Every structure is written in C-alpha cells, then in structure tokens.
J.: 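Below is the structure I would like to discuss, written out as structure tokens.
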4 protein chains.
Amino acid sequence: MGLEEYRRSVSENKHAAILKAGRKHFLEHGYSGAAAADIAREADVSTATLYKHFSSKEELFVAVVKDADHEEEIPPFPDNASLEDTMVAVLNNYLITHFEKNATALLRIVIAEVPGAPDLARDTFNEFIVSRYQKLADIVDQLIAHGTLKPHDSHFGVRLLIGAIKEHYIWPALFDNKTTMPEHAEDVIRQVVKDYLRLYGT
Amino acid sequence: MGLEEYRRSVSENKHAAILKAGRKHFLEHGYSGAAAADIAREADVSTATLYKHFSSKEELFVAVVKDADHEEEIPPFPDNASLEDTMVAVLNNYLITHFEKNATALLRIVIAEVPGAPDLARDTFNEFIVSRYQKLADIVDQLIAHGTLKPHDSHFGVRLLIGAIKEHYIWPALFDNKTTMPEHAEDVIRQVVKDYLRLYGT
Amino acid sequence: MGLEEYRRSVSENKHAAILKAGRKHFLEHGYSGAAAADIAREADVSTATLYKHFSSKEELFVAVVKDADHEEEIPPFPDNASLEDTMVAVLNNYLITHFEKNATALLRIVIAEVPGAPDLARDTFNEFIVSRYQKLADIVDQLIAHGTLKPHDSHFGVRLLIGAIKEHYIWPALFDNKTTMPEHAEDVIRQVVKDYLRLYGT
Amino acid sequence: MGLEEYRRSVSENKHAAILKAGRKHFLEHGYSGAAAADIAREADVSTATLYKHFSSKEELFVAVVKDADHEEEIPPFPDNASLEDTMVAVLNNYLITHFEKNATALLRIVIAEVPGAPDLARDTFNEFIVSRYQKLADIVDQLIAHGTLKPHDSHFGVRLLIGAIKEHYIWPALFDNKTTMPEHAEDVIRQVVKDYLRLYGT
DNA sequence: TATGAATGAGCCTTCATTCAT
DNA sequence: GATGAATGAAGGCTCATTCAT
C-alpha cells in the first residue's frame with residue numbers, strides 16, 4: 001500500500017535521524033549532558049516525535065549503544081600469508097574496527113552509566129567486548145587444531161594479546177578523547193604477536 | 001593565636017569532610033548524579049559553606065579525584081623469595097591496591113568526564129595509571145640490571161603483564177560495578193608471570 | 001443509495017463508539033485525566049477521525065454528558081400496594097437508577113468542570129437532577145389531588161425525601177468512588193417515608 | 001536566636017502565601033488546571049521555593065484542603081430562645097460557615113479528584129462533613145437527654161435536617177459556581193425545623 | 001563567618017490538535 | 001474520508017549557585 005509504505009519510510013528516516021543525533025550528542029556530552037530537546041533539534045524533529053520513537057531518554061540511549069554494536073567482519077586472510085602476518089592483520093583489524101566505530105567514546109558513556117544502567121553495561125560488555133573476544137579465541141582454537149599453535153588455553157592466550165594491545169592503545173584513548181587510530185600500531189602489534197608465537201607457536 | 005588556630009582546624013575538618021562526602025557521592029552516583037546539597041548534608045555543612053571551600057561542583061570533583069591519588073607503597077619483598085613469587089606478589093599488590101582504593105569507580109567517573117574535563121582525565125591517567133606503571137618498569141629495569149631478567153624493553157614487558165591482568169580483572173570490573181577484589185586472581189597472575197619469565201627470564 | 005447509506009451507518013457506528021469510549025475514559029479518569037488518543041484507541045478509530053466527529057475534547061465531553069441523560073422510566077405501581085410501599089418503591093427506584101447509570105461518577109466529572117463548563121453544569125443539573133425531581137413532585141401532587149396526602153408544598157416535601165436519601169447514600173458515594181448500589185437502602189428509605197407520611201399522610 | 005527567628009518568620013510567610021495562592025488557583029481552575037508556576041508567581045515566590053515548602057503539587061493540594069478544614073465554632077444560643085429558634089440558628093450557622101469557607105468550591109475540587117486521590121477524599125469527607133455532622137447529632141442527643149426532644153436516632157434525624165438543607169442550597173451551589181450565601185435561607189430552614197419538631201419535638 | 005532559604009534556568013515528558021498522503 | 005505521524009506549547013520538578021542575616 002502506497003500510503004503505508006510512504007509513512008514507513010518517512011518514519012524510518014526519522015528514526016535513523018534521531019538515532020544518529022542521539023549518538024552524536026551522547027558521545028559528545030554523555031548521558032546526562034545530552035538534552036532530549038537538543039537531540040530532537042539536531043534530528044530536525046520535534047521532541048514529541050522523538051518520544052514517539054523512543055519512549056524515554058534512557059531507551060534512546062540504549063538504542064544508540066545497541067545500534068553501534070553490529071557485527072564485525074573479520075576479513076579473510078590470504079592463504080600464503082605467514083602465521084605472524086595473519087595474526088598481526090587480525091589484531092590490527094581489531095584496533096581499526098574499534099576506532100572506526102568510535103568505540104572508545106561509546107564505551108566511555110556506557111562506563112559512565114554503569115551505576116545507573118547496570119544491565120546495559122553488562123550487555124554492552126558481553127556483546128561488544130566478550131563476543132569480539134570469542135572470535136579471536138575461535139581463531140586460536142582453529143590454529144591449535146591445525147597444529148599451527150601449541151595446545152594452550154585459547155582464552156588465556158587471547159587475553160594476553162588483547163590485553164597488551166588495549167594497554168598500549170585503548171586504555172590511553174579512554175582518557176584522552178582520542179578518536180583517531182594511533183599510528184604505527186602495527187609495529188607494537190607485531191612485537192606482541194612475536195612474543196605470543198615464541199610462547200605458543202610451534 | 002589559639003582562636004585562629006581553632007578556627008583553622010575547624011575549617012580544615014570541614015574541608016576534609018566535604019571532600020570525603022564528595023568522594024562518596026561522586027563514586028556512587030557519578031558527576032551529574034551527585035547533588036551538591038546532598039554532599040553538603042552528608043558533610044554536615046551548609047551548601048554555602050561547601051561553596052566557600054570549593055567554588056564550583058567541578059572544582060570539588062577535581063579535588064576529589066586528585067585527593068584519591070596518593071602514593072602507593074610497594075611492600076619490600078623477602079630476599080629469599082623466588083623471582084616468580086616476587087613478581088606475583090608485586091602484581092597481586094597492584095590489584096589489591098586498585099580494589100582497596102576503589103579505583104575502578106574513581107576511574108569510571110573520570111572516564112565519564114573526559115569530554116567535560118579533559119585535563120583532569122589526562123592528569124589522572126598520568127598520575128594514577130602511568131606512574132604506577134613506571135614503578136613496575138623500574139623494578140623490571142633493576143631486575144634486568146641484576147641479570148635476573150634478560151635485557152628487553154621494560155615498558156613493553158610491563159604492558160604485557162599489566163595488560164593481561166587488567167584484561168582479566170579490571171576491564172570487566174569497569175562494567176560491573178564490582179568493588180571487591182576478585183578471588184583466585186593469584187592463579188592467573190602466576191600464569192601470566194610464568195609466561196613472562198619464559199619470555200624474559202634467564 | 002446503498003453506498004451512502006452504508007457510509008452513514010459506518011460513520012454513526014464510529015460516532016457511537018467514540019461516545020462510549022469517551023464516557024468510559026471520562027468517568028474513569030476525569031476530564032483532564034482522559035487522553036484523546038486513548039479514547040480514540042479504545043473506540044478503534046484514529047485521532048483524526050475522533051476530531052472529525054467532535055471538534056474538540058470539550059465538545060466530546062459535553063456530548064458524553066448529554067448522552068448519558070436519557071429518560072428514566074418510572075415503573076407502574078401495583079394498584080393494591082399501600083401508599084408507604086408505593087413511595088418506598090419509587091424512591092428505591094430513584095436510587096437504583098442512579099447507581100445503574102453510574103450517575104455518581106458522571107456528576108463527579110460535571111461538578112469538577114463547573115468552573116470550566118458552567119453551562120454544561122447548569123444543563124446537567126436541570127435535566128439530570130431537577131427533572132427527576134419534578135417527576136416525584138408530580139406524583140406527590142397527584143397523591144395530594146387524590147386526597148391520599150395532605151395538601152402541602154410538593155417540592156418542599158420531595159426535597160425532604162430526596163434530601164435525606166441523598167444524604168445517606170449519594171453524598172457519601174460522591175466521595176468514595178462507590179459504583180455499587182448500597183445494600184439495605186430500603187430500610188432507611190422506609191424510615192424516611194414513614195416520617196414523611198407522619199407529616200403529610202392523611 | 002535572631003537569625004533563626006527571622007528565617008522562620010519569612011519562611012512561614014512564604015508558606016502561607018503559597019497556601020493562599022494554591023487555594024485560589026485550585027479553587028479557580030481545579031487540580032489539573034492549576035499550574036505550579038502560576039501558583040508560585042501568585043505567591044511571589046519561585047517554583048523551586050514552592051517545591052521546598054511542598055514536595056509535590058499533590059502535597060500542596062492536600063495541604064490546601066486540610067488547611068480549609070479548621071474547627072467551626074458553634075455559637076452559644078441565648079437561654080431564653082425557643083427550641084425552634086435555636087435549631088434554626090444552628091442550621092443557619094451551618095450554612096453560613098459553609099459559604100464563608102467557600103466550601104462548595106473546595107468540595108468540588110476534592111470530588112473531582114476522588115479517583116486520583118481517594119484518601120484525601122475520604123479524609124475530607126470525614127473531617128469536613130461527618131464531623132460537622134456529628135456536632136449536630138451531639139446537640140440533638142443533648143436535647144433528647146433534656147427531654148426537649150423525643151427519643152430517636154439522632155443521626156437519622158440530623159440527616160433529615162441536613163439533607164433537606166443541602167438539597168435546597170448546597171447541591172445546587174455545587175453545580176452553579178455560587179459563592180454567596182443564598183438569601184432567605186432562613187425561611188426554608190425554619191420550615192424544615194418545624195417539620196422536624198412536629199416529628200420529634202415533645 | 002556560617003547558614004538555610006531562595007532562585008532561574010533547564011530538563012524530561014505529555015497531550016490536544018493538525019497535516020500529508 | 002480516514003489515517004497515523006508530527007507538533008508546539010506547556011507542566012512538574014530539580015539543581016548548582018547566591019544572598020540576606
């Protein structure tokens with residue numbers, strides 16, 4: 001039906017616009033700092049419309065956070081790449097994705113709301129951190145199965161890798177409003193991978 | 001002068017009481033969630049007095065954060081302890097200190113206010129994270145100098161250690177309102193140290 | 001014309017549905033408490049349609065009140081009943097009708113809107129209270145004409161009767177959200193009638 | 001203490017001013033129609049101050065209603081007055097008090113809020129209607145004890161009296177925004193009393 | 001000096017009513 | 001003609017900060 005279709009498309013556009021504006025304001029000013037009226041204005045929508053789409057500020061906030069949390073593609077690795085190069089590429093991709101998503105700022109506001117919205121924080125942690133995590137562990141498990149890596153606790157191993165990288169690049173960014181991917185990260189990543197392979201390579 | 005002294009001491013007591021109450025409320029409710037009136041009431045002081053001591057809410061906030069940042073004692077290790085045990089003890093102490101200070105909650109509110117108070121965030125990061133960091137690097141450097149560890153970039157090494165431990169215990173706590181020291185952390189710490197020594201021990 | 005007829009009937013059904021839904025919501029939540037959107041939803045109609053039928057919330061309100069004001073049937077009394085029994089039956093019917101119509105709630109909202117809708121209040125009072133009144137006075141006048149009652153001011157007499165009954169049952173209900181007919185009202189009614197007959201019976 | 005006294009007096013003045021302004025606005029516009037901001041402006045006070053004195057609009061409303069409900073003085077009757085004159089005076093006083101207090105408008109807003117504030121309605125009914133009631137029943141009981149009236153159920157008797165008077169004067173006022181005492185009420189009151197004495201006088 | 005009352009600006013949310021299709 | 005989305009104008013309430021004593 002033409003009318004219905006039209007309405008749906010308009011509605012979806014507004015929905016997306018609100019989400020986008022919400023994301024911008026929440027990231028810039030935090031949860032309490034962002035005003036519903038400002039978000040509505042930014043989305044070129046009335047406050048009432050905003051509240052038709054999201055029944056409360058908190059719901060919009062949750063939607064903004066969940067919206068950012070879509071699947072991350074792990075690119076296929078060339079067959080002829082060395083194990084080291086492959087792992088470096090995977091971890092580098094991890095970092096790139098993180099910064100492309102502006103995940104630092106996002107995590108920042110979620111962290112800020114931990115006392116007020118513990119469920120959201122837990123969900124975000126699980127789906128935004130643990131699940132990315134799991135993907136790497138799966139890769140490690142495959143490599144172990146293929147005999148490319150020594151048998152070891154893949155979760156522990158991944159935490160070693162990711163921990164080091166976060167320590168170098170993500171943790172500082174959390175405190176520095178950094179939004180750009182750090183330069184030369186690959187060098188450090190390679191160094192981390194090298195150590196890892198010294199421990200768990202065959 | 002006795003009277004003046006008395007007054008100064010009363011004033012200092014109030015100052016401290018406000019700081020303490022501020023710390024409690026900021027940690028519990030975050031920056032925006034903490035109300036000046038509540039903090040004053042908790043400190044048993046009028047709001048006007050609070051504003052005499054700290055000219056704005058933000059100033060109080062900064063003071064609270066800076067106040068939390070006092071020196072951490074690294075306990076002396078027994079001479080006859082093994083290298084592994086020593087390092088485990090140091091890292092365990094790192095974690096214990098973190099949880100005793102309720103540093104997670106503190107970092108949380110600082111992180112939350114990064115966009116609003118970037119200087120505070122930078123300072124906090126430097127004095128609260130980097131400097132603790134530096135202490136460990138110093139220890140590693142000493143161990144290298146003593147020939148107990150292989151020569152290597154001590155900062156890189158420390159980041160490997162601390163990164164893994166944060167990944168296991170601090171990062172999750174950031175999202176979980178956890179205030180208690182995790183149990184059995186020592187097992188994981190020991191595993192991390194073992195790997196580290198496999199890489200850099202002599 | 002069949003099509004036109006059909007449309008008119010559909011329209012009338014919607015009109016009635018809106019009226020019914022309006023009645024329900026106004027009675028339950030009062031004038032300000034009732035939301036146009038809720039009434040429309042209840043009537044299974046769009047808000048725009050609601051406003052096609054009633055050009056404002058107030059107009060709908062007036063229509064709801066007027067609609068409730070339909071004729072009340074006074075049942076015929078058996079010829080062989082005693083005067084006392086007859087009068088008790090009439091007054092009892094008065095009360096039953098009141099509660100069956102849920103008149104308490106209706107009067108409540110009209111009373112509430114006296115400052116805002118004085119005309120409606122006056123009309124309601126006249127057509128909903130005075131006219132019921134008049135009917136009883138007519139009966140009394142007939143009884144006087146028949147010589148069954150002593151000559152007296154029938155309006156004054158009816159006010160004595162009705163006043164006592166309202167005092168016992170309707171006035172309290174006005175403050176108590178009561179919607180059910182009080183039990184054993186007949187005993188009090190009979191007592192009132194007895195006194196009345198002692199005064200004005202022959 | 002001078003300061004404290006001063007503050008208390010200022011505070012009490014504001015409290016009273018808010019109460020008075022609230023009374024005015026609630027009576028004029030009903031509960032939902034009265035805006036906190038308007039009440040505050042009328043009381044020459046900021047909204048925040050209003051909310052310091054009454055923690056919610058509803059609480060202010062309740063206070064307004066309770067405030068109106070202070071004791072009613074029943075004037076002493078001259079010893080040499082006849083029973084009829086005495087009772088007429090008492091009932092007349094009842095009506096006068098009712099209109100002086102502007103009780104009609106007050107009851108109107110309480111009635112309007114019955115669904116939303118049933119407790120207030122119950123309390124108001126008890127303390128504002130039943131207790132005035134009880135006073136008259138006490139008088140009747142005394143008269144019975146003195147042998148001036150025949151023994152009878154004093155509550156029933158009072159309901160007869162009050163019911164008739166309300167029917168004549170209060171019930172219509174409820175629907176008519178009347179704020180002035182009806183004229184010549186005494187004639188009807190006397191007639192009601194006469195009938196009452198025919199029934200229960202000795 | 002310390003106080004507690006006072007404030008004005010602002011925030012979240014709702015709702016009667018209109019509009020584009 | 002009927003719809004559901006959209007709106008602008010409040011409204012209740014809070015809070016960092018100041019002021020009169």
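Since we're looking at a predicted model, the values are computed, not measured. Protein chains get the first letters and strands the later ones, always in sequence-line order, with residue 1 at the start of each.
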J.: I'd like to check D/Thr124 versus D/Leu107 (side-chain heavy atoms, cut-off strictly below 4.5 Å). Are they in contact?
T.: yes
J.: Going from CZ on C/Arg41 to CG on C/Asp38, what distance comes out if it is rounded to the nearest 0.5 angstrom?
T.: 5.0 Å
J.: Does the C/Lys14 side chain pair with the main chain of C/Asp44, one donor and one acceptor, at a distance under 3.5 Å?
T.: no
J.: Taking Watson-Crick and G-U wobble pairs with both distances under 3.5 Å, convert DNA chain E into its dot-bracket string, 5' to 3', dots for unpaired and | for cross-strand pairs.
T.: .||||||||||||||||||||
J.: Using a cut-off of less than 4.0 Å, is there contact between a side-chain N or O of A/Thr49 and OP1 or OP2 of F/dA5?
T.: no
J.: Please work out which residues in residues 23-38 of chain B have a non-hydrogen atom less than 4.0 Å from an atom of DNA chain F and list them by number.
T.: B/Ala34, B/Ala35, B/Ala36
J.: Within this structure, what is the CG-to-C1' distance between C/Leu50 and F/dG4, rounded to whole angstrom?
T.: 14 Å
J.: Identify whether the distance between the nearest side-chain nitrogen and carboxylate oxygen of A/Asp123 and A/Lys66 falls below 4.0 Å.
T.: yes
J.: So if I take every side-chain heavy atom of A/Lys14 and compare against E/dA6, E/dT13, F/dT7, which nucleotide ends up nearest?
T.: F/dT7
J.: Counting N and O atoms only, with roles assigned by atom type, does the side chain of C/Tyr31 sit under 3.5 Å from a partner on the main chain of C/Gly116, one being a donor and the other an acceptor?
T.: no
J.: For the residue pair B/Val110 and A/Phe175, establish whether any side-chain heavy-atom pair is separated by less than 4.5 Å.
T.: yes
J.: Under 3.5 Å, side chain of B/Lys24 to main-chain N/O of B/Ile39, donor-acceptor pair present?
T.: no
J.: Quick one: D/Ile18 CD1 to E/dT7 C1', roughly how many Å, whole number?
T.: 13 Å
J.: Return whichever of A/Lys52 or B/Ser55 has its heavy-atom-nearest nucleotide of DNA chain F closer to the 5' end.
T.: A/Lys52
J.: Could you state the atom-to-atom distance from CZ of C/Phe61 to P of E/dT17 in whole Å?
T.: 14 Å
J.: Could you check A/Ser56 against C/Glu58 and say which one's nearest nucleotide on DNA chain E is further toward the 5' end?
T.: A/Ser56
J.: Grab the CG-C1' distance between D/Leu60 and F/dC13 for me, whole Å please.
T.: 14 Å
J.: Salt bridge check, C/Lys20 against C/Asp67: does any charged N sit closer than 4.0 Å to a carboxylate O?
T.: no
J.: Rounded to the nearest angstrom, tell me the gap between atom CD in D/Glu12 and atom P in E/dG4.
T.: 17 Å
J.: Give me the ring orientation class for B/Phe61 and B/Phe26: parallel if the planes are under 30° apart, tilted from 30 to 60°, perpendicular past 60°.
T.: perpendicular
J.: For the pair made of NE2 in A/His53 and C1' in F/dA6, what is the distance, rounded to whole Å?
T.: 9 Å
J.: E/dA16, OP1 or OP2 - any side-chain N/O from C/Lys57 closer than 4.0 Å?
T.: yes
J.: Take atom OH of C/Tyr51 and atom P of F/dG4, then tell me their distance rounded to the nearest Å.
T.: 16 Å
J.: Do other residues, nucleotides or ligands put more than 12 heavy atoms under 6.0 Å from the CG atom of D/Asn13?
T.: yes
J.: Do B/Asn102 and B/Arg23 come close enough that some side-chain heavy atom pair is under 4.5 Å?
T.: yes
J.: In residues 39-48 of chain B, which ones come under 4.0 Å of DNA chain F, going by heavy atoms?
T.: B/Thr47, B/Ala48
J.: Determine whether A/Asn177 and A/Arg108 satisfy the following criterion, side chain to side chain donor-acceptor pair (under 3.5 Å), listing intermediate values before the conclusion.
T.: CA-CA 9 Å; A/Asn177 223 357; A/Arg108 199 139 56 203; 2.9 Å; yes
